[in-house]
Amino acid sequence: MKKKIIGVVLSGAMAATFLAGCGQQQQAQQAAEQQVQQAVEDAVAEAVVDQAVEDAVDEAVAEEVVDAAVDAAASSDGLIHVGFAQVGHESDWRTASTKSCQDVFSEANGYNLDFVDCDNDSAAQLEAVRTFIQNDVDYIIIDPIVSTGWDTVLTECDEAGIPVIVIDRTIDDSDKYVSWVGSDFLTEGKAAGEWLKAYAEANGINEINALVISGSTGSSAQIGRSDGFREVADREGWTILDEQTGDFTEDGGQQVMESFCKSYDGQFNVVVCQNDNEAFGAMTAMDNAGVSYGPGNDVILISFDACTAGLEDVKAGKITADFECNPLAAPTVAGVIEAMEAGEAPEAEILVPDNWYALADAIVDFEIDGVPQTMTEVTDEVIEAQY
Ligand code: AHR
């Protein structure tokens, strides 16, 4: 910068000498002075810009140093860092699942949990997993909203060396995870079908005309329950009048049932809701349409999940049978992580056991693929113990 100023000063002086020779010494002197002043101003402006750039670089470097220090502190806090990409908050079941995970993966239990509620949005769920990779968590837990579209992001987890554990719903198009912990949805669907067959026989019901309010389309919970129930329906020659998604929500269940009540007025005697929240909405719609349901009424109402409020409706004689999907898988997932921390290979698949619930009058003997099933009678104590 100094060199530049001196250069301009010298060239200004030379110009002055030349113009003096031409008899215009004063004008030349002024021109030279202006040139020098301009050069000094330019130089000062350039120096200000240089300083600003230098300050910005210093600031960025300082920020990086702080980030690195925070990362280092985080990984040296002695806690196991877990990222959990949860489906959303659509149902009582989901609330129980989230609470169970937050209780199990607490700081008191040696974990640092990064919990993301993906609000039933698959794109948000993929983004959550990628953020966990960037944050270099120790383990990633995914409850997949839908069962496909996973291989690319699971490959990224694999390349980053972060083990993935799948909870509840399954992933069908990739095997790049260490373990899956959850319920058998196909068996749940078959249980509903086989129970209905035995219940109908025991109560002299010869014809089944069913409406199905299914869960979120493309989720393994929906696919398994639909396939399992349909397998029995096809075998028994029942009519499934319609199947529409209620997205596992109360509002969704109510909307679908309102439309079913209009379209199939007087034609149906069974309603299958793929979770309790859909059943709550369906009951509101049937109440409004003057359709009676529950044991001994117009409609046999079947539900899944068996959450506390669902079992209360079984006890009240509204839901005829409720097929559990146990949301308390988190302690088992913690066991998988503990095994890996100890250098052991975890089990690839761990089934969480489910129960089938009804009032005493609706408890019937049935089998699934030749295996006799046991039903649990809903009592106040059973409800009290439920999630
Ligand atoms: O994936 C489990 C299912 O998802 C539960 O049955 C339902 O309530 C939840 O939304």
Side-chain angles (χ1 to χ4, degrees), residues 84-101 116-122 124-125 141-148 150 165-172 180-192 212-229 243-256 271-283 301-314 319 321-330 332-333 349-357 386-387:
F84 176 29
Q86 172 65 292
V87 168
H89 49 272
E90 71 283 1
S91 62
D92 287 28
W93 188 99
R94 192 62 56 198
T95 305
S97 158
T98 293
K99 185 179 178 310
S100 168
C101 279
V116 179
D117 175 337
C118 300
D119 200 15
N120 219 20
D121 176 343
S122 290
Q125 193 164 44
I141 304 173
I142 302 172
D143 190 330
I145 295 170
V146 290
S147 61
T148 54
W150 284 101
I165 300 157
V166 179
I167 187 172
D168 173 36
R169 300 181 185 175
T170 52
I171 281 174
D172 297 337
W180 166 79
V181 180
S183 293
D184 181 341
F185 304 119
L186 184 70
T187 296
E188 291 172 3
K190 286 182 186 181
V212 177
I213 304 180
S214 52
S216 302
T217 307
S219 67
S220 65
Q222 174 271 314
I223 295 166
R225 289 171 192 165
S226 293
D227 288 354
F229 184 76
E243 174 167 343
Q244 300 286 335
T245 182
D247 227 359
F248 284 132
T249 65
E250 184 165 346
D251 276 359
Q254 183 172 342
Q255 279 170 29
V256 172
V271 171
V272 180
C273 295
Q274 287 187 352
N275 81 347
D276 286 336
N277 292 78
E278 288 179 343
F280 305 150
M283 284 189 271
L301 180 57
I302 295 173
S303 185
F304 292 85
D305 279 0
C307 63
T308 302
L311 291 189
E312 280 167 355
D313 282 338
V314 174
I319 294 175
D322 207 339
F323 297 85
E324 184 179 43
C325 176
N326 192 325
L328 309 181
T332 309
V333 174
E349 275 194 16
I350 305 175
L351 265 185
V352 179
D354 293 326
N355 288 311
W356 321 134
Y357 295 95
Q386 201 67 337
Y387 43 84

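Both backbone and side-chain heavy atoms feed into the values below; hydrogens, waters and symmetry mates do not. Order of listing sets the numbers, starting from 1, for every ligand and every atom in it.
- Around ligand 1 you find Glu90, Ser91, Trp93, Arg94, Asp168, Arg169, Ala221, Arg225, Phe248, Asn275, Asp305, each with a heavy-atom distance below 4.0 Å.
- Donor-acceptor pairing under 3.5 Å is recorded for the side chains of Asp172 and Ser147.
- Residue pairs meeting the salt bridge (charged side-chain N to carboxylate O under 4.0 Å, His left out) criterion with at least one member in residues 213-224, sequence neighbours excluded, do not occur.
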TODO: Please assess Lys190 against Asp184 for the test salt bridge (Lys or Arg N to Asp or Glu O under 4.0 Å), listing each intermediate value before the final yes or no.
DONE: CA-CA 10 Å; Lys190 286 182 186 181; Asp184 181 341; over 6 Å; no
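- Under the 3.5 Å distance criterion, the side-chain polar atoms of Trp180 are matched with a main-chain donor or acceptor of Asp168.
- Between the side chain of Asp354 and the main chain of Asn326, a donor-acceptor pair closer than 3.5 Å is present.
- Proximity of a side-chain donor or acceptor of Glu243 to a complementary backbone N or O of Ser214 within less than 3.5 Å is not detected.
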